[in-house]
Amino acid sequence: DMITDVAALADIRQSWEGARMLRLRVQRGLVGVVGAGAGTSVLLADIAHNLPFLHACSVLNDTLEQLRDEGVFRSKKRTLGALVDASTGSLLWLDRTAIDRMVIDRNALAHDGAVLARATCWQYIALIEQQLGAWSVV
């Protein structure tokens, strides 16, 4: 495993499982709502899928902070974008371009209240899961 602190790794894995379960609950809970087809229902469904996306980003952020704390790379900052930038060259990123786009979209959501389409959220959650898998975190 890339993370050597067993307790921290267990916490991150538990957090990832929480993000995964939240996404499933959102999907299951909105089946009837999206089926109605009204524009408001679609917007609410999109908003709901933004929550597990933010949770997934938080798990990625926690993972990067842990890797930084274990000396894999150096960074004085704690923000997702700064940690991604600081880890370049020290960590293998499967698709850095997609990660950078994801960070921009995450910031637009978290800081500006932008709403991402649920398909975009699903893609980003899958991207994070693949990346965490490549690092043997999940």
Hey, could you give me the CG/CZ distance between Asp69 and Arg74, rounded to the nearest 0.5 Å?
-> 12.0 Å
Roughly how far, to the nearest 0.5 Å, is the CG atom of Leu92 from the CH2 atom of Trp135?
-> 8.5 Å
Ser90 (side chain) donor-acceptor with Ala86 (main chain) under 3.5 angstrom | no
Between Asp105 and Arg101, is the closest basic N to carboxylate O distance under 4.0 Å?
-> no
Is the number of heavy atoms from other residues, nucleotides or ligands under 6.0 Å of Arg78 CZ greater than 12?
-> no
Do Met102 and Gln123 touch side chain to side chain, with heavy atoms closer than 4.5 Å?
-> no
Side-chain contact, heavy-atom cut-off 4.5 Å: Ser87 with Val72?
-> no
Exercise: do Trp16 and Thr63 side chains pair donor with acceptor under 3.5 Å = no
So which heavy atom on Leu54 is nearest to which on Ala110, and how close?
-> CD2-CB, 4.4 Å
Ala19 versus Pro52, closest heavy-atom pair with distance | O-CB, 4.0 Å
Look at the side chain of Asn50 and the backbone N and O of Leu116, then say whether any donor-acceptor pair between them is shorter than 3.5 Å.
-> yes
How long is the span from the CG atom in Asp85 to the CG atom in Leu80, to the nearest 0.5 Å?
-> 9.5 Å
Hey, what do you get for CG (Leu60) to CD1 (Ile12), rounding to the nearest 0.5 Å?
-> 9.5 Å
Donor-acceptor pair, Gln66 side chain versus Leu9 backbone, under 3.5 Å?
-> no
If you measure from CD on Gln130 to CD1 on Ile99, what distance do you get to the nearest 0.5 Å?
-> 9.5 Å
Quick one: does Arg23's side chain get under 4.5 Å of His55's, heavy atoms only?
-> no
Start with the C-alpha gap between Arg96 and Val84, add the side-chain angles, then the distance that decides, and say whether side chain to side chain contact (heavy atoms under 4.5 Å, CB included) holds.
-> CA-CA 9 Å; Arg96 180 57 198 274; Val84 168; 3.3 Å; yes
Can you check whether Leu83 reaches Asn61 side chain to side chain, under 4.5 Å on heavy atoms?
-> yes
Would you name the heavy atoms of Phe73 and Leu64 that are closest together and state the gap between them?
-> CZ-O, 3.3 Å
Is a side-chain N or O of Glu70 found less than 3.5 angstrom from the main chain of Asp5, in a donor-acceptor match?
-> yes
Give a yes or no answer on whether the side chain of Arg68 reaches the backbone of Lys77 with a donor-acceptor pair at less than 3.5 Å.
-> yes
Please answer whether the main-chain N or O of Phe53 pairs with a side-chain N or O of Trp122 as donor and acceptor at a distance below 3.5 Å.
-> no
Is any side-chain heavy atom of Leu91 less than 4.5 Å from a side-chain heavy atom of Gln131?
-> no
For Ile125 and Ala56, the nearest pair of non-hydrogen atoms, with its separation, is CG1-CB, 4.1 Å
Spell out, as yes or no, whether a donor-acceptor pair under 3.5 Å connects the side chain of Ser15 to the backbone of Asp11.
-> yes
Here the gap from Asp62 atom CG to Cys57 atom SG, rounded to the nearest 0.5 Å, amounts to 11.0 Å
Do Asp112 side-chain atoms and Ala114 backbone N/O form a donor-acceptor pair below 3.5 Å?
-> no
